[in-house]
Amino acid sequence: MNKLFIGGGMRVRGRVRVSGSKNATLPIMAACLLTRKECVLHQVPDLDDVKVMEDVLVSLGARVKRENGTLIINPENITSYELPEHMSRKMRASNLVMGALLGRFGKARVSYPGGCAIGQRPMDIHLKGFRELGYTIGEYYGYIEGYASSSSDCDIMLDFPSVGATENLMMAAVISKNNTIIRNAAREPEIVDMQNFLNRMGAKIRGAGLDVIRIEGVNELNGVEHEVIPDRIEAGTFMVMAAASGGDVVIENVVAEHLVPVTAKIRETGAEVIRYNGSALRVLGKRKLGPVDIKTLPYPGFPTDMQPQMMALLSGVEGTSVIVETIFENRFMHVNELRRMGADIKIEGRVAIIKGKNRLRGATVEATDLRAGAALIVAAIGGTGETVIDNAYHIDRGYEKIEEKLRSLGITAYRIMT
Ligand code: EPZ
């Protein structure tokens with residue numbers, strides 16, 4: 001049993017340093033497969049999901065060494081282009097190796113990644129893009145098989161700005177005699193980080209961060225060193241904790257630009273967010289916050305990965321807030337658990353109507369997925385009494401040393417392993 005104990009009724013105070021971004025690290029680790037040369041990645045967070053991706057690379061024949069926050073990846077002796085089911089089912093993001101394997105070897109065989117608590121998470125946009133890139137893609141017995149069968153310049157229009165599909169197609173297109181355009185591309189900061197990493201390897205990519213990405217194919221890529229960007233969702237989570245508890249927190253190692261949609265919504269509640277030199281934000285909660293309406297959207301809209309945490313905050317704020325979740329079809333798993341803490345939330349399809357009231361109450365609750373677990377921490381801190389969060393391993397997938405960081409901010413937090 002893996003439980004997290006959180007004491008409520010305390011104001012979050014102090015300074016916390018954000019780790020490297022999980023969602024930048026995972027695709028960049030996959031992109032290391034595109035070269036035979038050693039790559040060195042810095043500011044890599046020590047997370048369960050990163051460990052799974054390390055295992056994925058090793059299962060393909062790469063050598064991976066971790067030295068504190070640095071990963072040394074040597075993909076010289078990749079022996080396989082097949083990702084078995086037991087690997088693929090461990091984590092959805094393992095499907096990111098498909099684009100890299102196609103890009104390097106011209107073939108790949110990857111078991112369908114399972115869905116997860118928040119949605120089916122299909123790969124149709126990835127596969128349609130691979131086909132437009134000239135790969136023959138077949139689906140047999142739960143596996144997706146692809147191999148290079150034709151090659152020409154192509155101009156791809158994504159049906160939805162899928163983050164993973166954009167990353168997979170960049171990796172599948174970068175080593176080529178042809179040029180590729182990806183339209184309606186995802187614009188997340190993690191896509192820009194991947195472009196910067198690939199260009200440092202010798203790729204010729206332009207436009208990441210906008211909706212049209214242009215790739216001039218090159219013959220081969222070299223090994224490089226790269227520092228991944230800070231984790232904007234971890235930063236946003238600590239910002240919400242400070243607002244929810246009437247606290248005062250300086251969050252270090254942030255790119256304030258990446259947090260503009262989150263900052264705007266937190267300010268709208270009445271909390272104060274101050275840019276605190278180039279790479280830190282200071283958040284001052286207020287005793288009396290107000291309700292806000294939120295609609296999750298692809299970047300630069302409000303991020304779906306911050307929706308559960310904001311719902312936890314708004315559940316403890318007097319007034320009615322409305323949250324519309326447009327990205328995932330089942331990302332309200334945290335609602336039942338918040339209700340156990342006294343939250344008054346009504347769900348109508350993808351719309352949540354939150355009748356906020358003062359202070360939630362501590363309870364025994366269960367994390368159902370990564371950000372739902374983070375939301376329960378926010379609710380516990382902003383509420384009164386003690387909370388025990390079961391299945392806390394979900395939280396460890398995306399938050400490095402979470403109880404240490406909470407304790408450094410004055411929160412009573414410890415792990416109960418039985
Ligand atoms: C990435 O997932 C992130 N994960 C997610 O973070 C994040 O929530 C998501 O982007 C949206 O921002 C990583 O980067 C490792 P999508 P991804 O493809 O790439 C549908 C977290 O908590 N879709 O942009 O899987 C899909 O079902 C995680 O850190 C298709 O229909 O997200 C979803 O409804 C959770 N067909 C929507 O698009 C496809 O082929 C967005 O998915 C692909 C996606």
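Remember, it's 1-based here, ligands and their atoms both numbered in the order they're listed.
- Remark: Met306 CE to Ile233 CD1 distance equals 6.5 Å, nearest 0.5 Å.
- Residues that satisfy the side-chain contact (heavy atoms from CB on, under 4.5 Å) test with Lys128, not counting sequence neighbours, are Glu132, Asp159.
- Every atom of ligand 1 is numbered from 1 in the order shown, and the set under 4.0 Å from a heavy atom of Asp305 is 5 (C), 6 (O), 7 (C), 8 (O), 21 (C), 22 (O), 28 (C), 29 (O), 35 (C).
- Among protein heavy atoms, the minimum distance from atom 36 (N) of ligand 1 is reached at Asp124 OD1, 2.7 Å.
- Among all protein heavy atoms, the one lying closest to atom 34 (O) of ligand 1 is Ile327 O, 2.5 Å.
- What sits closest to atom 24 (O) of ligand 1 on the protein, heavy atoms only, is Val163 N, 2.8 Å.
- The residues Arg131 and Glu139 are annotated as salt-bridged, a charged nitrogen and a carboxylate oxygen being separated by less than 4.0 angstrom.
- When each atom of ligand 1 is checked for a heavy atom of Leu370 under 4.0 Å away, the hits are 22 (O).
- Protein heavy atom in closest approach to atom 20 (C) of ligand 1: Pro122 CD, 4.8 Å.
- Nearest protein heavy-atom neighbour of atom 18 (O) of ligand 1: Ser162 OG, 2.7 Å.
- The side chain to side chain donor-acceptor pair (under 3.5 Å) test applied to Glu252 returns Arg15, not counting sequence neighbours.
- The residue Tyr299 has no part lying near ligand 1, judged by heavy-atom distances below 4.0 Å.
- For Arg109 and Tyr143, the positive end sits near the middle of the six-membered ring, less than 6.0 Å away and at most 45° from its axis.
- Checked for salt-bridge contact, Arg397 and Asp49 meet the test: a charged N lies under 4.0 Å from a carboxylate O.
- Looking at Ile377 and Met241, their side chains come closer than 4.5 Å, going by heavy atoms from C-beta outward.
- Under 4.0 angstrom from ligand 1, there are no non-hydrogen atoms of Glu167.
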Go through it in stages, so that I can follow the logic: the residues are Ser149 and Thr136, the test is side chain to side chain donor-acceptor pair (under 3.5 Å), and I'd like the CA-CA distance, side-chain angles, deciding distance and then a yes or no. CA-CA 6 Å; Ser149 51; Thr136 298; 2.6 Å; yes
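- Taking the six-membered ring where tryptophan is involved, the planes of Tyr414 and Phe5 are essentially parallel, since the angle between them stays under 30° and well short of 60°.
- The protein heavy atom nearest to atom 26 (C) of ligand 1 is Phe328 CE2, 4.3 Å.
- Ligand-side atoms of ligand 1 in range of Phe160: 37 (C), 38 (O), 41 (C), range being under 4.0 angstrom from any heavy atom.
- Under 4.0 Å from ligand 1, heavy atoms of Ile125 appear from its side chain as well as its backbone.
- Here Lys51 does not pair with Glu54 in a salt bridge; the nearest charged N to carboxylate O distance is not below 4.0 Å.
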Glu337 and Arg339: CA distance, side-chain angles, deciding distance, salt bridge (charged side-chain N to carboxylate O under 4.0 Å, His left out) verdict: CA-CA 5 Å; Glu337 301 305 307; Arg339 285 176 178 145; over 6 Å; no
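- In terms of protein heavy-atom proximity, atom 17 (P) of ligand 1 is nearest to Arg121 NH2, 3.7 Å.
- Within the listing of ligand 1, atoms 25 (O) sit less than 4.0 angstrom from a heavy atom of Arg92.
- Among the atoms of Ala165, none of the N or O lies under 3.5 angstrom from an N or O of ligand 1.
- Of the options Thr304, Thr326, Ile323, a side chain to side chain contact (heavy atoms under 4.5 Å, CB included) to Arg331 is made by Thr304 and by none of the others.
- Those atoms of ligand 1 that come under 4.0 Å of a heavy atom in Lys22, given as number and element, are 21 (C), 29 (O).
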Glu403 vs Arg415, test: salt bridge (charged side-chain N to carboxylate O under 4.0 Å, His left out). Steps then yes/no. CA-CA 7 Å; Glu403 56 261 47; Arg415 195 69 60 140; 2.8 Å; yes
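- At least one heavy atom of Arg331 sits closer than 4.0 Å to an atom of ligand 1.
- Of all protein heavy atoms, the one lying nearest to atom 15 (C) of ligand 1 is Asn23 OD1, 3.3 Å.
- Ligand 1 has an N or O atom lying under 3.5 Å from an N or O atom of Gly164, backbone or side chain.
- At least one N/O-N/O distance between Arg371 and ligand 1 falls below 3.5 Å.
- The distance criterion of under 3.5 Å between nitrogen or oxygen atoms is not met by Thr304 with respect to ligand 1.
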